[in-house]
Student: 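Quick one: structure below, then a few questions.
By convention in this document, chain letters (A, B, ...) are assigned in the order of the sequence lines, proteins followed by strands, and residues within each chain are numbered from 1. Hydrogens, waters and symmetry mates play no part in the numbers below; they use all other heavy atoms, side chains included.
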There are 2 protein chains.
Amino acid sequence: MSVSIKEVAKLAGVSVATVSNVLNNTKNVRPETKAKVETAVSQLNYQINPLARNFRKGQSKVIGFVVSDLSNYFFQNVAIGLERSLSEYGYHVALMDCKESKALEIENVRNLLASSVDGLVIATTGEDCCYLQLILENHDVPVVFVDRKPFGFTSDMVLSTNNEGAYLGIKYLISKGHEKIGFITSRNDSTMKERIEGYRQAYQEAGLKVNENYIMTGNNDISISQNQLLHGIAYTQAKQLIEAGEVTALFTGNNLSSIGAYNYLREVNIPVPDKMAFMTFDDSFWLSMTTPSISAVRQDPDMIGSVSGQLIYERISNKVSEQPNRIVRIPTRLVLRYSV
Amino acid sequence: MSVSIKEVAKLAGVSVATVSNVLNNTKNVRPETKAKVETAVSQLNYQINPLARNFRKGQSKVIGFVVSDLSNYFFQNVAIGLERSLSEYGYHVALMDCKESKALEIENVRNLLASSVDGLVIATTGEDCCYLQLILENHDVPVVFVDRKPFGFTSDMVLSTNNEGAYLGIKYLISKGHEKIGFITSRNDSTMKERIEGYRQAYQEAGLKVNENYIMTGNNDISISQNQLLHGIAYTQAKQLIEAGEVTALFTGNNLSSIGAYNYLREVNIPVPDKMAFMTFDDSFWLSMTTPSISAVRQDPDMIGSVSGQLIYERISNKVSEQPNRIVRIPTRLVLRYSV
DNA sequence: CTGAAAGCGCTTACAG
DNA sequence: CTGAAAGCGCTTACAG
């Protein structure tokens, strides 16, 4: 039904090799010949068959994005940025949700490789990524990690300036007179450790001593999804901290924990910011709809996604094959609203 | 580098045709022969090359999802449901954002077809979809529309029970004593018309007369994206209605308009629900984070997505090729919180 | 600068 | 039940 390169060649009176060469700009072709081909192409309304080309070139033009939890808006926005940047290079993105399950993550990676993806972007569920070494050994597929730093596997990474972001937020809280700031993280991974480091730095710079009891780290084994978070671990952590009656401000480590913690404040009717200041890492749309609206350290998930696309494309097209692994940090910034 | 069907055939001592047949279960093969092939497959750790198979079969195993506005959480959730259901059949989804631009929509459809998608799911920007007739005439690609009904093109559709949902919401408001309910829609498309119909039905059933001034329909030409909506058209419409001083309740037609309208209420400090009841079509996460939390008519975007996947898969696999176009309605339900 | 030809790895009539 | 062979539509050494 659809016209092939042969028919173009015939109509143009040249060989298929020549048609291919003008189509792909892969060899010098005499202008007259080129013109003949081009008119034939437009006369027949020829479109290259990407299935044949992909097969021939051994590429699929799809990048797999393996996401720890797709119900998290943060990753949805990463996906959007990734999609946009890769589509510029003619790539599609295959999204795979892991629902915070390592087993699903491994299965997803396996399936993607079996379906011949050209590259992998991974927001890993747990940090241990040794399994990748094994699975990838027969595949020449570049990998970029986003948001969380893996161990057991080295590759390019795109991360937020976690340390600096938390530092900025805590510093601001301190500047507002808060000396006892609760830090709530529902997880305890490399990312959270960096953010806690920012907390410590701000304290140190202000000459304050950190009370370790105010840092509530979570458990990585707990599966959390944004939809069931109103009374999750962050809720409990906020409750504990506030019932202890010491902290005057709460800083939550990501959007997931902000939901649980803020929901607690709301339920027990603690006036923000009068009785309790509140700030979170990760900006979300809903933070500007609450009363008062909530200040946040904003990440740029869209940028994280698009930069990841960039990096993986460079690897695929071998522009940087010899370069060592890169870590790109995407800036964060303070968005002040009325909760502090 | 990777092992091919030939090598499997050689090791098993059979022809490639036979290997193919046991792999695909496409012909009866003697059990002994089958066993030989299977041991060879596992010995060589053979995996079929999907690029070759797709090329041969003329399919890409990807479905394009053309989305009017991917910054809208509603569509993100549709995408997630679609992804999940299609992945069960070995399909990937190629997401394409149109940013509410018809021109981009057309370009996206074109690009997807050029990259050989096997099917198209479309949440159209504008309702006029005549362009599809033309573009699709050389392609045997099934289409499913979601959320909005197109004209100028007929295909399967998956929509919410818009009429019934709005009816439920308005009926509840009326039951609470409201007789002057403002209906704010930022758009004026088939979907909104259905929701307005539900509004009228509830009024009629209650023996109330509809005041047309309370129905503020929007303009389809205005591009709106969730991120810039705090002071958009719904904000203005809410302002107008409330300054006129008649309505005692506000019902917004979708999540986008709820943002603008609620933000107005918030800015001018109108107590909800005491001075003004509030309810919206489209549930969103943030509706449970406001004070008071906001009641909504909940759609099920995830289900809309997964059902769309179902329908398009049936069309692709020709299970229903002779059937006329289907319209599937996904139920909505009332989620009561504290804004009414 | 151009073309004839091999070949990528499958599937699928067709013959036996 | 099994196999030999054609062919899907490209790209790419290779020869001239």
Student: Can Ser60(A) and Asp118(A) be counted as having a side-chain donor-acceptor contact under 3.5 angstrom?
Tutor: yes
Student: Report the distance from atom CG of Asn21(B) to atom P of dA4(D), rounded to the nearest whole Å.
Tutor: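 Atom-to-atom, Asn21(B) to dA4(D), this comes out as 14 Å.
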Student: On the nucleotide dG3(D), are OP1 or OP2 found under 4.0 Å from the side-chain N or O atoms that Ser15(B) carries?
Tutor: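 Ser15(B) to dG3(D) OP1/OP2: side-chain N or O found under 4.0 Å.
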Student: Name all residues meeting the ring pair (Phe, Tyr, Trp, His ring centres under 6.0 Å) criterion together with Tyr89(B); count only those two or more places apart in sequence or in a different chain, and write none if there are none.
Tutor: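 Only Tyr313(B) meet the ring pair (Phe, Tyr, Trp, His ring centres under 6.0 Å) criterion with Tyr89(B).
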Student: So if I take every side-chain heavy atom of Thr33(A) and compare against dT2(C), dA4(D), dT11(D), which nucleotide ends up nearest?
Tutor: dT2(C)
Student: Taking atom C1' of dA13(D) as reference, at what distance in whole Å does atom CG of Asn24(A) sit?
Tutor: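 To the nearest whole Å, that distance equals 15 Å.
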Student: Please determine whether the number of non-hydrogen atoms from other residues, nucleotides or ligands lying under 6.0 Å from atom NZ of Lys102(A) exceeds 12.
Tutor: yes
Student: What is the separation between atom CG on Asn25(B) and atom C1' on dT11(C), rounded to the nearest whole Å?
Tutor: 15 Å
Student: Would you mind checking if Arg148(A) and Glu100(A) are paired as a salt bridge, meaning a charged N to carboxylate O distance below 4.0 Å?
Tutor: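 Salt bridge present between Glu100(A) and Arg148(A).
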Student: Using only atom types and a distance under 3.5 Å, with no angle test, would you say the side chain of Arg315(A) pairs donor to acceptor with the backbone of Val143(A)?
Tutor: no
Student: Does Glu314(A) reach the side chain of Asp156(A), with side-chain heavy atoms less than 4.5 Å apart?
Tutor: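 Sidechains of Asp156(A) and Glu314(A): no contact.
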Student: Rounding to an integer number of Å, can you tell me how far Phe55(A) CZ sits from dC10(D) P?
Tutor: 13 Å
Student: Which whole-number value in Å describes the distance from Ile5(B) CD1 to dC8(D) P?
Tutor: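 After rounding, the gap between these two atoms is 19 Å.
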Student: Over how many whole Å does the gap from Gln59(A) atom CD to dT11(D) atom C1' extend?
Tutor: 11 Å
Student: If only side-chain N and O atoms of Thr18(B) are considered, is one of them under 4.0 Å from the OP1 or OP2 phosphate oxygen of dT2(D)?
Tutor: no
Student: If the cut-off is 4.0 Å, is Ser20(A) near the phosphate of dT11(D), judged by side-chain N/O to OP1 or OP2?
Tutor: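 For Ser20(A), the contact criterion (side-chain N or O under 4.0 Å from OP1 or OP2 of dT11(D)) is met.
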Student: I want to verify a distance call: between dT2(D), dA5(D), dG9(D), whose nearest atom is closest to the Val29(B) side chain?
Tutor: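 Of the options given, the side chain of Val29(B) lies nearest dT2(D).
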Student: Are the side chains of Glu127(B) and Ser190(B) in touch, meaning some heavy atoms are under 4.5 Å apart?
Tutor: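 Yes. Closest side-chain heavy atoms under 4.5 Å.
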Student: Check the distance between dC10(D)'s C1' and Arg56(B)'s CZ and give it to me in whole angstrom.
Tutor: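 Result: 15 Å.
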Student: Quick check for you: among dC8(C), dG3(C), dG9(C), whose closest atom lies nearest to any side-chain atom of Val14(A)?
Tutor: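 Within the option list, the nearest is dG3(C).
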Student: As a test of reading the structure: which of dG7(D), dA5(D), dA5(C) is closest to the side chain of Ala17(B), going by heavy atoms?
Tutor: dA5(D)
Student: Is any side-chain nitrogen or oxygen of Arg30(B) closer than 4.0 Å to OP1 or OP2 of dT2(D)?
Tutor: yes
Student: Identify the two heavy atoms, one from Leu132(A) and one from Phe153(A), that lie closest to each other, and give their separation to 0.1 Å.
Tutor: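 That would be CB-CD1, 3.6 Å.
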Student: What pattern of brackets, bars and dots sums up DNA chain D from 5' to 3', given Watson-Crick or G-U wobble pairs under 3.5 Å, [ ] for crossing pairs and | for another strand?
Tutor: |||.||||||||.|||
Student: In this structure, how many angstroms lie between the P atom of dT2(D) and the NZ atom of Lys27(B), rounded?
Tutor: 10 Å
Student: Do you see a donor-acceptor pair shorter than 3.5 Å between the side chains of Asn325(B) and Ser155(B)?
Tutor: no
Student: Nearest nucleotide by nearest heavy atom, which residue falls closer to the 5' end of DNA chain D, Asn28(B) or Lys6(A)?
Tutor: Asn28(B)
Student: Can you tell me if Gln47(B) and Ser2(B) form a side-chain donor-acceptor pair at under 3.5 Å?
Tutor: no
Student: Below 4.0 angstrom, which residues in residues 34-54 of chain A have at least one non-hydrogen atom near DNA chain D?
Tutor: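 DNA chain D contact set from residues 34-54 of chain A: Tyr46(A), Ile48(A), Asn49(A), Ala52(A), Arg53(A).
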